[in-house]
Amino acid sequence: AQAARAQEEGKFRDEENKKREEEFNNPKQPVVEADRAFKGGKDAPVTIVEYSDYQCPFCKRGHETMKQILKEYGDKVKVVFKNMPIERIHPVAMIASQYYE
């Protein structure tokens with residue numbers, strides 16, 4: 001039974017690794033609308049799209065990082081915020097994101 005389980009786990013790991021490689025080789029391109037609110041320079045050479053959930057403690061840390069980047073790089077960077085509420089674990093996040101939008 002243990003050998004079968006180990007074989008299944010190895011197969012799962014291999015499949016996950018293939019998925020990650022595919023994602024790295026074909027990265028998704030975020031859609032940033034021209035009229036979308038942003039912070040930083042309008043014509044900045046670097047655009048960061050920040051996806052966040054208002055109830056997520058890790059997203060809060062990421063937002064603090066974005067504030068520091070803006071402080072350090074000013075108009076050289078443009079930060080666009082997009083909501084990504086995780087409803088199954090953060091029940092108020094969707095309402096907060098709808099209010100923001």
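Please read all numbers here as calculations on a predicted model, not as lab measurements.
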Atom pairs and distances, donor-acceptor, side-chain atoms in residues 39-46, under 3.5 Å, two or more places apart:
none

Pairing of Lys19 and Glu23 as salt bridge, 4.0 angstrom limit: no
Is the shortest side-chain N to carboxylate O distance from Arg61 to Glu64 below 4.0 Å? no
Do the side chains of Pro91 and Gln55 get nearer than 4.5 Å, heavy atoms only? yes
Would you be so kind as to tabulate the donor-acceptor pairs closer than 3.5 Å made by side chains of residues 71-79, with sequence neighbours excluded?
none

Exercise: do Asn26 and Glu22 side chains pair donor with acceptor under 3.5 Å: yes
How about CD on Glu33, more than 12 heavy atoms from neighbouring residues, nucleotides or ligands closer than 6.0 Å, or not? yes
Taking NZ in Lys60 as the centre, count heavy atoms belonging to other residues, nucleotides or ligands within less than 6.0 Å. Is the count above 12? no
From the list Arg20, Lys18, Arg13, side-chain hydrogen bond (donor to acceptor under 3.5 Å, both in side chains) with Glu16 holds only for Arg20
Please identify each residue that fulfils side chain to side chain contact (heavy atoms under 4.5 Å, CB included) with [X], with sequence neighbours left out.
X     : result
Gln2  : none
Ile86 : Asp53, Arg88, Ile89, His90
Gln98 : Met94

With sequence neighbours left out, which residue pairs that include part of residues 36-69 fulfil the ring-ring contact (aromatic ring centres under 6.0 Å, His included) condition? Tyr54-Phe81
Are Met66 and Met84 joined in one hydrophobic group, where the rule is that I, L, V, M, F, W and Y side chains link up if heavy atoms are under 4.5 Å apart? no
Test of understanding: clusters of I, L, V, M, F, W, Y form through side-chain heavy atoms closer than 4.5 Å, transitively. Do Tyr100 and Val92 belong to the same one? no
Pairwise distance CD1(Ile48) to CG(Leu70) - rounded to 0.5 angstrom: 7.5 Å
What do the steps show when you test Asn83 against Glu101 for side-chain contact (heavy atoms from CB on, under 4.5 Å), and what is the final call? CA-CA 9 Å; Asn83 287 293; Glu101 293 298 328; 2.8 Å; yes
